[in-house]
Amino acid sequence: MQITRRLEFDAGHRIPDHKSQCRNLHGHRYVIEITLEGEVADAAGESDNGMVMDFSDIKSIAKNLVVDAWDHAFLAYKGDTAVLDFLATLPNHKTVILEHIPTAENLARIAFTILAPAYQASYGRHLQLKKIRLYETPNCWADVEA
């Protein structure tokens with residue numbers, strides 16, 4: 001059985017080597033869809049009976065590990081020193097420094113890497129993160145699958 005939970009967050013970024021507008025500082029209303037695969041619980045009297053995982057627990061894990069960290073932050077590539085130097089001049093600015101350029105593809109991969117182990121062993125039964133879909137805009141997204 002597969003289930004999916006959708007969450008949204010706002011963040012800024014830039015793609016420093018991009019040939020057009022994306023090289024400028026800008027932001028998006030990102031949407032992340034988290035698809036899990038596992039067995040449906042058959043445990044009478046348990047809160048998650050009949051579920052793969054409670055949707056509120058999917059949300060809680062994603063918020064704690066990715067969404068809250070990235071929401072209203074500037075997602076900056078560690079090699080983008082011009083932007084990092086500028087952001088360092090802003091008191092208490094929320095900056096997330098990433099190992100890779102913050103494209104939709106890389107953000108989806110990073111989120112998958114962070115979230116997969118957190119969901120893997122939940123509820124004591126086999127559960128696997130199958131897919132992360134990260135929307136950068138309503139018409140553009142990246143998928144990472146297990």
Do M51 and V40 have side chains that approach each other closer than 4.5 Å (heavy atoms only, starting at C-beta)? no
Between the side chain of N64 and the main-chain N/O of S60, is any donor-acceptor distance below 3.5 Å? yes
What heavy-atom pair brings V96 and A73 nearest, and what distance separates the two atoms? CG2-CB, 3.9 Å
I want to check something: taking the side chain as every heavy atom from C-beta on, are V31 and L134 in contact at a cut-off of under 4.5 Å? no
Can you confirm whether L127 sits close enough to M53 that some side-chain heavy atom of one is under 4.5 Å from a side-chain heavy atom of the other? yes
With the side chain counted from C-beta on, respond yes when L129 and T35 share a heavy-atom pair under 4.5 Å apart, and no when they do not. no
Polar side chain donor-acceptor pair, N24 to Q21, under 3.5 angstrom: yes
Pairs touching residues 19-47 that satisfy ring pair (Phe, Tyr, Trp, His ring centres under 6.0 Å), sequence neighbours left out: F9-Y30, H13-H26, H13-H28, H26-H28, H28-Y30
Residue list, ring-ring contact (aromatic ring centres under 6.0 Å, His included) with H72, at least two apart or on another chain: none
CG/D42: more than 12 non-hydrogen atoms of other groups inside 6.0 Å: no
Taking all heavy atoms of I32 and all of A111, pick out the closest pair and write down the distance. CD1-CB, 3.9 Å
Using the ring-ring contact (aromatic ring centres under 6.0 Å, His included) criterion, which residues pair with Y135? Sequence neighbours excluded. W141
Counting C-beta onward and ignoring hydrogens, is there a side-chain heavy-atom pair between F112 and D143 closer than 4.5 Å? no
Kindly work out whether a path of hydrophobic side-chain contacts (I/L/V/M/F/W/Y, heavy atoms less than 4.5 Å apart) joins L75 to L7. yes
So, for T4 and F55, which heavy atoms are closest and what is the spacing to 0.1 Å? O-CE2, 3.5 Å
Out of curiosity, H18 NE2 to T103 OG1, how far, rounded to the nearest 0.5 Å? 10.0 Å
About how many Å separate CD1 of I114 and OH of Y119, when rounded to the nearest 0.5 Å? 11.5 Å
Rounded to the nearest 0.5 Å, the CG atom of L115 sits from the CD1 atom of I110 at a distance of 11.5 Å
Between A44 and N49, which heavy-atom pair has the shortest distance, and what is it? CA-ND2, 3.7 Å
Can you confirm whether more than 12 heavy atoms, excluding those of K59, are under 6.0 Å from its NZ atom? no
Contacts of E99 that satisfy salt bridge (charged side-chain N to carboxylate O under 4.0 Å, His left out) - sequence neighbours left out: K78
Are S56 and D54 close enough that a side-chain donor and a side-chain acceptor fall under 3.5 Å? yes
Please check if the side chain of R14 supplies one atom and the backbone of R23 the other of a donor-acceptor pair under 3.5 Å. yes
Under a 4.5 Å cut-off applied to non-hydrogen side-chain atoms, are L98 and H100 in contact? no
Less than 4.5 Å apart, side chain to side chain, heavy atoms only: is that true for I132 and E33? no
Stepwise side-chain contact (heavy atoms from CB on, under 4.5 Å) test for Q2 and K130: CA-CA 8 Å; Q2 290 186 356; K130 286 301 281 186; 3.9 Å; yes
Apart from V83 itself, residues in the same hydrophobic cluster as defined by side-chain heavy atoms under 4.5 Å: L25, F74, F86, L87, L90
Minimal non-hydrogen separation, P102 against L107, with atom names: O-CD1, 3.8 Å
Report the hydrophobic cluster partners of I101, with the cluster defined as I, L, V, M, F, W, Y residues connected by side-chain heavy atoms closer than 4.5 angstrom, directly or transitively. I15, Y77
Closest non-hydrogen contact found for A62 with I34 is CB-CD1, 3.4 Å
Any side-chain heavy-atom pair from R29 and E8 closer than 4.5 angstrom? yes
Pairwise distance NE2(H93) to OG1(T95) - rounded to 0.5 angstrom: 4.5 Å
